[in-house]
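Side chains are part of it too, since the values below use all heavy atoms of this structure and drop only hydrogens, waters and symmetry mates. Keep in mind it's a predicted model, so treat the numbers as computed, not measured.
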Amino acid sequence: MRAAAGAGPPDRSTTPAPASPRGGGLRNPKRAAAGCRGCPLFRNATQTVFGTGPARARLMLVGGQPGDQEDLRGEPFVGPAGRLLREALDEAGLGDEGAYLTNVVKHFKRPWLLEELRLVAPEVLVLLGGTAGKALLGSSFRVGESRGQLVPMPPPAGPGEGAAPGRLLATVHPSAVLRSRDRAAAFAGLVADLSVAAVALGRPGA
């Protein structure tokens, strides 16, 4: 997997990100990320916003970065965009799937996401928006060119960078739906994309 586009060099004046020891599942990287000072993002954040969900979820959804409500509560997708995402998952037949939700950025840089991918090892990975797509697929990624298409997950760039999930699907971030002039049509498009993931997971009625 490629490095995040536009992330820039790490801030050398801060302490490097602590290593995440193997074993212990998601608890270890979550604990390590909470003390991360490897980039300046932590300075204006209330806390680290790590992923939530089953440790071996079949479905994993990745957004860009937490918003202000996520920063305050320490959980991803708890603001308006998160509520809309859950509505879309319900409509697509995935409401009770028990998905793992996370973001590329954990403070309000990315090594934690690769560890989450390795540990959760989902069958289907959904990239929500351009930030998530570029972080994993490179700067040439465009949501509009590949959304709704189920494709094999590219292999990791090197050893220890996470086990690639079986398949990957890109779609718009739910915040883009909230900003759309035609919210109903944008929401229907998001549901249609998520329905592709539902079919891939063999969900009844998908």
Which pair of non-hydrogen atoms, one from [X] and one from [Y], has the smallest distance, and what is that distance?
X    : Y    : result
V62  : A132 : O-CB, 3.4 Å
G148 : V196 : O-CG2, 3.7 Å
A99  : P54  : O-CD, 3.7 Å
R56  : A121 : NH1-CB, 3.5 Å
T131 : V104 : O-CG2, 4.3 Å

Evaluate the side-chain proximity of [Y] to [X]: yes if any heavy-atom separation is below 4.5 Å, no if none is.
X    : Y    : answer
T171 : V143 : no
L101 : R86  : yes
F77  : L128 : yes
L117 : L136 : yes
L178 : R183 : yes
F141 : S146 : yes
L201 : E123 : yes
T102 : L61  : no

Could you give the distance from [atom1] ([X]) to [atom2] ([Y]), rounded to the nearest 0.5 Å?
X    : Y    : atom1 : atom2 : answer
L84  : H173 : CG    : NE2   : 10.5 Å
E97  : L59  : CD    : CG    : 6.0 Å
M60  : L168 : CE    : CG    : 11.0 Å
S195 : L94  : OG    : CG    : 7.5 Å

* Pairing residues for R147 by the salt bridge (charged side-chain N to carboxylate O under 4.0 Å, His left out) criterion, not counting sequence neighbours ->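 Per chain and number, R147 pairs via salt bridge (charged side-chain N to carboxylate O under 4.0 Å, His left out) with D193.
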* **Residues that A88 engages under side-chain contact (heavy atoms from CB on, under 4.5 Å), provided they are two or more places apart** =>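 Testing A88 for side-chain contact (heavy atoms from CB on, under 4.5 Å), a comparison that skips the adjacent residues, returns F187, L190, V191, L194.
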* **Sequence neighbours excluded - side chain to side chain donor-acceptor pair (under 3.5 Å) pairs with any residue from residues 87-96** =>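 As it turns out, the side chain to side chain donor-acceptor pair (under 3.5 Å) pairs with a partner in residues 87-96, which skip direct neighbours, are D96-R203.
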* Starting from the C-alpha separation in whole Å, work towards a yes-or-no answer on side chain to side chain contact (heavy atoms under 4.5 Å, CB included) for V124 and R58. => CA-CA 6 Å; V124 176; R58 297 198 306 157; over 6 Å; no
